[in-house]
Amino acid sequence: MDLRFSEADQAFREEVRAFIAAELDPAVRRKLAEHRSLAKHEIVAWQRKLNTRRWATPSWPAEHGGPGWSAVQRYLFLDELHQAPAPEPLSFNVNMIGPVLIAFGTPEQQRRFLPRIANLDDWWAQGFSEPGAGSDLAALKTRAIRDGEHYVVTGQKMWQGMAQHADWMFTLVRTDASAKPQAGISMLLIDMRSPGVSVRPIVTLDGRHEVNEVFLDEVRVPADLRVGDENRGWDITKFLLGHERTGIARIGMTRRLIARAKALAADVPAGSGTLADDARFRERAAEIEIELQALQITQLRLLDAMRHGAHGPDARASILKVKGTELRQAASELLLQAAGTRAWRCADEFDEAAHADTTIAATYFTLRAASIYGGSNEVQKNILAKTMLGL
Ligand SMILES: Cc1cc2nc3c(=O)[nH]c(=O)nc-3n(C[C@H](O)[C@H](O)[C@H](O)COP(=O)(O)OP(=O)(O)OC[C@H]3O[C@@H](n4cnc5c(N)ncnc54)[C@H](O)[C@@H]3O)c2cc1C
């Protein structure tokens, strides 16, 4: 069952679906359906196709190259990408640094970076967290000392997603060590080819290399690459995190996990039928699907509020983050349960099915991190307790 959309919205959904069917490389679709990682060139090629229609930047205003979509259209577009499945435009680019530069950047920064952000000519990384500063981001220690027309930046960043591909990193640095923690932070744009920048991989529990440590050793950054005023980086951070979280529910992705679990379960003998007929399996799948439906309505409400001028951070973005990730994790558990011992099969290049199965356990492990990144779920619950319950 779906929510009822207007005829115009349905026509829009069909247009997106037809574009994906015509333009998406089937090999990329298949990799995503099997929860495999994509190569950089595959992500870039797809974003450039979207950008020929201004579709790579769904939330940007038309004057900066966005498509001028309504909140519902943005929702439908993402839902179609997730269900296809097709890659989302790179979030670091289009949901994070793009909106930040539109809201806080100088006209020169906007001219220089926005078109390249949209077309993925530059790949951006998010340089916020540090070994001692994650949930408590304001504790960050990476320091930037002004030296004429430059800042000299020294410190260590941690957990930078896909930074191995990055050309640039939007980075939080401490520019005033004597001020209160939140008051002494600025945002700098750092060219990853600058002398003194090094990226070291972190291989996670799922065996994948998606996150990294980034070391900054006396990196010279031109002062005109500071975003906003000096020591006002915290306001920008709050704005950015609100944007980051709205895209985080990923309902279509959870639906695909459930669909894959059901398809596998139909193959697993249980009692006189298959696991797909098992009452407890069906009940668990239905529970997740019902909660997803409720989450979808919450997401539409938030998008509608944004359309009417509300800007993040909105507490409902925290609900999307918490519930969206809990449901994706629950769906990955269902998939693991349906796969049973198949989840532990080794890759065999001659056996396509076995090859696809190897991603099931990895996907389960990958999704453990979903309740941590983008602000941990515990911290989101603190935000909800404060803003919605007044505790
Ligand atoms: C896969 C992955 C990708 C990431 N990508 C990026 C990226 O691209 N760029 C970037 O800058 N960062 C990134 N991060 C970092 C991420 O934002 C942090 O890991 C996250 O904010 C948590 O910080 P931490 O790891 O320091 O844990 P901590 O903050 O030390 O938290 C440890 C535990 O304590 C809990 N906790 C902490 N404070 C409270 C509190 N006040 N109340 C209740 N519980 C609390 C947390 O919920 C968590 O369970 C990524 C992380 C992961 C795992």
Side-chain angles (χ1 to χ4, degrees), residues 35 37 40 43 88 90-98 100 123-142 153 155-174 181-182 185-190 192 197 199-216 227 233-234 236-245 247-248 250 253 313 317-318 321-322 324-326 328-329 332 362-387 389 391:
H35 302 102
S37 303
K40 177 178 181 177
I43 297 170
E88 280 179 48
L90 188 68
S91 191
F92 301 117
N93 279 36
V94 305
N95 298 331
M96 298 191 203
I97 188 60
V100 159
W123 185 298
W124 286 79
Q126 179 187 23
F128 281 18
S129 308
E130 298 182 4
S135 305
D136 184 13
L137 190 54
L140 65 92
K141 290 198 169 64
T142 294
V153 182
Q156 183 194 343
K157 295 289 171 182
M158 180 117 178
W159 304 116
Q160 277 55 61
M162 316 265 223
Q164 68 270 35
H165 301 322
D167 304 293
W168 287 86
M169 179 168 78
F170 51 96
T171 314
L172 293 180
V173 294
R174 186 158 299 289
Q182 281 87 345
I185 292 172
S186 304
M187 181 182 280
L188 297 180
L189 308 178
I190 298 185
M192 296 296 274
V197 177
V199 178
R200 191 190 291 169
I202 302 173
V203 176
T204 37
L205 198 60
D206 50 18
R208 292 174 176 166
H209 169 206
E210 285 189 359
V211 284
N212 303 271
E213 294 175 283
V214 177
F215 296 87
L216 304 162
V227 184
W234 195 248
I236 305 176
T237 305
K238 286 191 290 184
F239 169 92
L240 184 148
L241 294 176
H243 270 265
E244 180 182 356
R245 278 172 206 142
I248 220 153
R250 302 211 163 89
M253 208 178 273
S318 296
K321 162 74 195 352
V322 172
T325 51
E326 282 177 359
R328 246 181 309 146
Q329 289 178 341
S332 75
T363 301
Y364 170 84
F365 287 124
T366 301
L367 283 174
R368 296 309 93 193
S371 46
I372 299 172
Y373 55 69
S376 81
N377 283 13
E378 289 78 8
V379 170
Q380 301 310 310
K381 285 177 184 169
N382 286 349
I383 294 173
L384 289 169
K386 204 166 152 192
T387 54
L389 303 175
L391 297 173

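The shown structure was predicted, so the numbers you read here are calculated from the model rather than taken from an experiment. Whatever order the structure lists ligands and atoms in, that order sets their numbers, starting from 1.
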Asks: For atom 46 (C) of ligand 1, what is the nearest protein heavy atom, given as residue, atom name and distance?
Replies: Ser376 OG, 3.5 Å

Asks: Is a side-chain donor or acceptor of Gln380 paired with a backbone partner of Glu378 at a separation under 3.5 angstrom?
Replies: no

Asks: Among all protein non-hydrogen atoms, which one is nearest to atom 9 (N) of ligand 1, and what is the separation to 0.1 Å?
Replies: Gln126 O, 2.8 Å

Asks: Looking at Glu130 and Lys157, would you say the former's side chain and the latter's main chain have a donor-acceptor pair under 3.5 Å?
Replies: no

Asks: Please list the nearest protein heavy atom to atom 26 (O) of ligand 1 with its residue and the distance rounded to 0.1 Å.
Replies: Gly134 CA, 3.3 Å

Asks: Would you mind writing out the side-chain donor-acceptor pairs for residues 165-172 within the sub-3.5 Å range, not counting sequence neighbours?
Replies:
residue	atom	partner	partner atom	Å
Asp167	OD2	Trp123	N	2.7
Thr171	OG1	Met169	O	3.0

Asks: Can any side-chain N or O of Arg368 pair as donor or acceptor with the backbone N or O of Tyr364 at less than 3.5 Å?
Replies: yes

Asks: What's the shortest distance from atom 20 (C) of ligand 1 to any protein heavy atom, and which residue and atom give it?
Replies: Ile372 O, 3.6 Å

Asks: May I ask you to decide if His209's main-chain N or O and Gln164's side chain share a donor-acceptor pair within less than 3.5 Å?
Replies: yes

Asks: Drop me the distance from Ile190's CD1 to Trp124's CH2, to the nearest 0.5 angstrom.
Replies: 10.0 Å

Asks: Within ligand 1, which atoms have a heavy atom of Ala369 less than 4.0 Å away?
Replies: 1 (C), 53 (C)

Asks: If we set the cut-off at 4.0 Å for heavy atoms, which region of Val211 has an atom near ligand 1: side chain, backbone, both, or neither?
Replies: side chain

Asks: Can you report which non-hydrogen protein atom sits closest to atom 44 (N) of ligand 1, along with the distance?
Replies: Glu378 CB, 3.5 Å

Asks: Who's the nearest protein heavy-atom neighbour of atom 52 (C) of ligand 1, and how far?
Replies: Tyr373 CB, 3.8 Å

Asks: Under a 4.0 Å heavy-atom limit, does Ser129 contact ligand 1 with its side chain, its backbone, both, or neither?
Replies: both

Asks: Please check if the side chain of Arg174 supplies one atom and the backbone of Leu140 the other of a donor-acceptor pair under 3.5 Å.
Replies: yes

Asks: Suppose I only count heavy atoms of Phe128 and a 4.0 Å limit; which atoms of ligand 1 are within that range?
Replies: 11 (O)

Asks: I need the atoms of ligand 1 closer than 4.0 Å to a non-hydrogen atom of Ser135, numbered in the order shown.
Replies: 21 (O), 22 (C), 23 (O), 28 (P), 29 (O), 31 (O), 37 (C), 38 (N)

Asks: With side chain to side chain contact (heavy atoms under 4.5 Å, CB included) as the test, pick out the partner of Trp159 among Asn212, Ile202, Val214.
Replies: Ile202

Asks: Measure from atom 32 (C) of ligand 1 to the protein's non-hydrogen atoms and state whether any distance is below 4.0 Å.
Replies: no

Asks: Below a 4.0 angstrom heavy-atom separation, can you tell me which part of Asn377, side chain or backbone, both or neither, approaches ligand 1?
Replies: neither

Asks: Could you check whether any side-chain N or O of Lys321 sits under 3.5 Å from a backbone N or O of Gly374, counting only pairs where one atom can act as donor and the other as acceptor?
Replies: no

Asks: What protein heavy atom sits nearest atom 42 (N) of ligand 1, and how far away is it?
Replies: Asn382 ND2, 2.9 Å

Asks: Looking at CE of Met162 and CG of Leu90, how far apart are the two atoms once the value is rounded to the nearest 0.5 Å?
Replies: 6.5 Å

Asks: Hey, which atoms in ligand 1 end up nearer than 4.0 Å to a heavy atom of Gly161?
Replies: 5 (N), 7 (C), 8 (O)

Asks: Quick check on atom 11 (O) of ligand 1 - does any protein heavy atom sit closer than 4.0 Å to it?
Replies: yes

Asks: Run the numbers for me: atoms of ligand 1, each under 4.0 Å from some heavy atom of Gln160, listed by number.
Replies: 7 (C), 8 (O), 9 (N), 10 (C), 11 (O)

Asks: Checking the side chain of Gln182 only, and the main-chain atoms of Ala138 only, is there a donor and an acceptor separated by less than 3.5 Å?
Replies: no

Asks: Does the protein put any heavy atom within less than 4.0 Å of atom 37 (C) of ligand 1?
Replies: yes

Asks: What is the closest protein heavy atom to atom 7 (C) of ligand 1, and at what distance does it sit?
Replies: Trp159 O, 3.1 Å

Asks: Need the ligand 1 atom indices (1-based, order shown) with element for anything under 4.0 Å from a heavy-atom of Phe92.
Replies: 8 (O)

Asks: Take atom NZ of Lys386 as the centre, draw a 6.0 Å sphere, and report whether it contains more than 12 heavy atoms from other residues, nucleotides or ligands.
Replies: no

